[in-house]
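Structure in structure tokens, see below.
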There are 2 protein chains.
Amino acid sequence: MYNFEKNIKMTSLTEEDYIKAIYKLYRIKNKPVSTNAIAEVMEIKPSSVTDMIKKLSAKGFLEYEKYKGVSITEKGKKKALQIIRKHRLWEFFLVEKLNFKWDEIHVIAEQLEHIDSDELIDKLEGYLNYPKFDPHGDPIPDKHGNITHHKDFTVFDLEEGKQAVILGLKTDNADLLKFLDTHQIKLQDTLKVLAKNKFDNSVSIEINGKQINFTEKTAKNIYVKTIK
Amino acid sequence: MYNFEKNIKMTSLTEEDYIKAIYKLYRIKNKPVSTNAIAEVMEIKPSSVTDMIKKLSAKGFLEYEKYKGVSITEKGKKKALQIIRKHRLWEFFLVEKLNFKWDEIHVIAEQLEHIDSDELIDKLEGYLNYPKFDPHGDPIPDKHGNITHHKDFTVFDLEEGKQAVILGLKTDNADLLKFLDTHQIKLQDTLKVLAKNKFDNSVSIEINGKQINFTEKTAKNIYVKTIK
DNA sequence: ATTTATTTTTAGATTTGTCTAAATTTTATT
DNA sequence: AATAAAATTTAGACAAATCTAAAAATAAAT
Ligand SMILES: [Mn+2]
Ligand SMILES: [Mn+2]
Ligand SMILES: [Mn+2]
Ligand SMILES: [Mn+2]
């Protein structure tokens, strides 16, 4: 009953969240990430970030040059992909097995991703039948950290008249997900761009027989691939 | 993607481990628990315990009188049973769905028990079909904290010649579990006490057609009920 | 009833992760 | 190129959870 069995994790929950955030920022910009950018997405102060990136560089997860921003090392990338893998597998579990809705799972997965057990995550993956995408359409890295990212091509990038299929979402933000639910929009749905509105940069689309106007922000958060 | 969505838990992982340990100690002794006893099961120093029990008393989980030990309040008991509920439901999940062996699950459940989401645990319970006992035979509290404990009656308490069924284990210790595996002993197996050995307090039993000698320590960790 | 041993608490230090305020460096603007 | 603005780092403080060493209280033994 009383085996607290010292949980000797090599990375703290906090460090893991930093590594993940920095990995994601670095991946989209593909150049050193600024202290402020990290502080912003993590909702903490830049001075805290400075301390932590020093520590994570010392541990070999990041490469850091004072005042020049940080990039992620191979070691850091591997760690980040492990955490992302766990996050997305747990999200899949929550939706497929426990019947959560896709806007309810991110916060829970944010905790579950830090559970430390390789065996657990590998067995979970098998139990779920090796899913390739999470409920938001994001690809799930395999146990070696291999992953194929979505092309950075969104509804906003479509030209008028083009047809496309929804592949995934750039964010797990619950409000976006609820908005899509409201309009019965799901992954794999087909849409057609009716008009790109110059005035406010919104995009008018037709989807499932209905017409909807996406704001620029919304349009830029939905990954698509064109068809035919 | 970047919603760290501040995890505002009312109790830290550490506080939860204290509350659980103190609840368990108080339950078996049914009188104030000593600082040293807590330090011992948690494998930390008594001075650390003193600090924490002050804090947990201030928060209303414990009742503490200097130099007189601590007891658990109703609020503390409720919190402890919530954590125990989570621990045991996750253990059940790990064995039944992910095919872990019963000696591998405790350490993982020790982490999972701190995941903060009532909805998660209630859905998990439903998914598992409302199990009443965990893989070690320990009862799982319901969502209101109701639980029926095993009577404190072990193999060691059986008289010579008595037959009994194994109900559960007092500890999740992996070494005990592996020992039982080695001899193919499972929950619900029937055993018969062949002899109680005065010399070393060991107990000779017959189980599944085989004969085995339990040390006092082992015998005292196996809950049983007599039959006929 | 003293003395001794044990238990418990206090005092002070340490590590982790955060903050504010000030100093420094880099970047942008005149 | 000098100045202003923005970004980044440093310095110092704080809360949480732990530790060691010393002091105080309680319990046990003479
Ligand atoms: Mn997280
Ligand atoms: Mn997702
Ligand atoms: Mn725990
Ligand atoms: Mn158990």
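Chain letters run A, B, ... following the sequence lines, proteins first, then strands; residues in each count from 1.
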Checklist entry - Between D/dT9 atom P and A/E65 atom CD, what is the distance in whole Å? => result 11 Å
Checklist entry - What is the distance, rounded to the nearest whole Å, between atom CE of B/M52 and atom C1' of D/dA15? => result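 Taking atom C1' of D/dA15 as the reference, CE of B/M52 is at 12 Å.
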Checklist entry - Does any pair with a residue in residues 140-158 of chain B pass side chain to side chain donor-acceptor pair (under 3.5 Å), and if so which ones, sequence neighbours excluded? => result B/Y23-B/H149, B/R27-B/H149, B/D122-B/K143, B/D142-B/N146, B/D152-B/K170, B/T154-B/D157
Checklist entry - What is the distance, rounded to the nearest whole Å, between atom CD of A/E43 and atom P of C/dC19? => result 11 Å
Checklist entry - Rounded to whole angstroms, how far apart are CG on B/D51 and C1' on C/dG12? => result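 It works out to 12 Å between those atoms.
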Checklist entry - Atom CD of A/E15 and atom C1' of C/dT16: how far apart are they, to the nearest Å? => result 9 Å
Item to check | Listed partners of B/K59 passing side chain to side chain donor-acceptor pair (under 3.5 Å), at least two apart | outcome: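 With neighbours one apart ignored, the set is B/E15.
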Checklist outcome for this item: Whole-Å distance, A/E40 CD to D/dA6 P, equals 15 Å
Checklist entry - Below 4.0 angstrom from OP1 or OP2 of C/dC19, is there any side-chain N or O of A/S48? => result yes
Checklist entry - Has A/K54 got a side-chain N or O lying under 4.0 Å from the OP1 or OP2 atom of D/dT10? => result yes
Next on the checklist: Can you measure A/L13 atom CG to C/dT18 atom C1' for me and round it to whole angstrom units?
Outcome noted: 14 Å
Checklist entry - Below 3.5 Å, does any donor atom in the side chain of A/S47 face an acceptor in the base of C/dT18, or the other way round? => result no
Checklist entry - Got a sec, which residues hit side chain to side chain donor-acceptor pair (under 3.5 Å) with B/E16, two or more places apart in sequence or on another chain? => result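 By the side chain to side chain donor-acceptor pair (under 3.5 Å) rule, B/E16 matches B/K9, B/T11, B/H114.
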Checklist entry - What string of B, S and - do you get for nucleotides 3-8 of chain C 5' to 3' if you count protein non-hydrogen atoms under 4.0 Å? => result ----SB
Item to check | Residue among B/N221, B/I222, B/D138 satisfying side chain to side chain contact (heavy atoms under 4.5 Å, CB included) with B/L169 | outcome: B/I222
Next on the checklist: Among residues at least two apart in sequence or on other chains, which ones pass side chain to side chain donor-acceptor pair (under 3.5 Å) with B/E160?
Outcome noted: none
Item to check | Spacing of B/K45 atom NZ relative to C/dT10 atom C1', expressed in whole Å | outcome: 17 Å
Checklist entry - Does one side chain, of B/S34 or B/N36, offer a donor that lies under 3.5 Å from an acceptor on the other? => result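 Per modelled atom types, B/S34 and B/N36 side chains form no pair under 3.5 Å.
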Checklist outcome for this item: By salt bridge (charged side-chain N to carboxylate O under 4.0 Å, His left out), A/E216 pairs with (sequence neighbours left out) A/K220
Checklist entry - Base, sugar-phosphate, or nothing for A/T14, non-hydrogen atoms under 4.0 angstrom? => result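 The answer is sugar-phosphate, as A/T14 gets under 4.0 Å only of primed atoms, P, OP1 or OP2.
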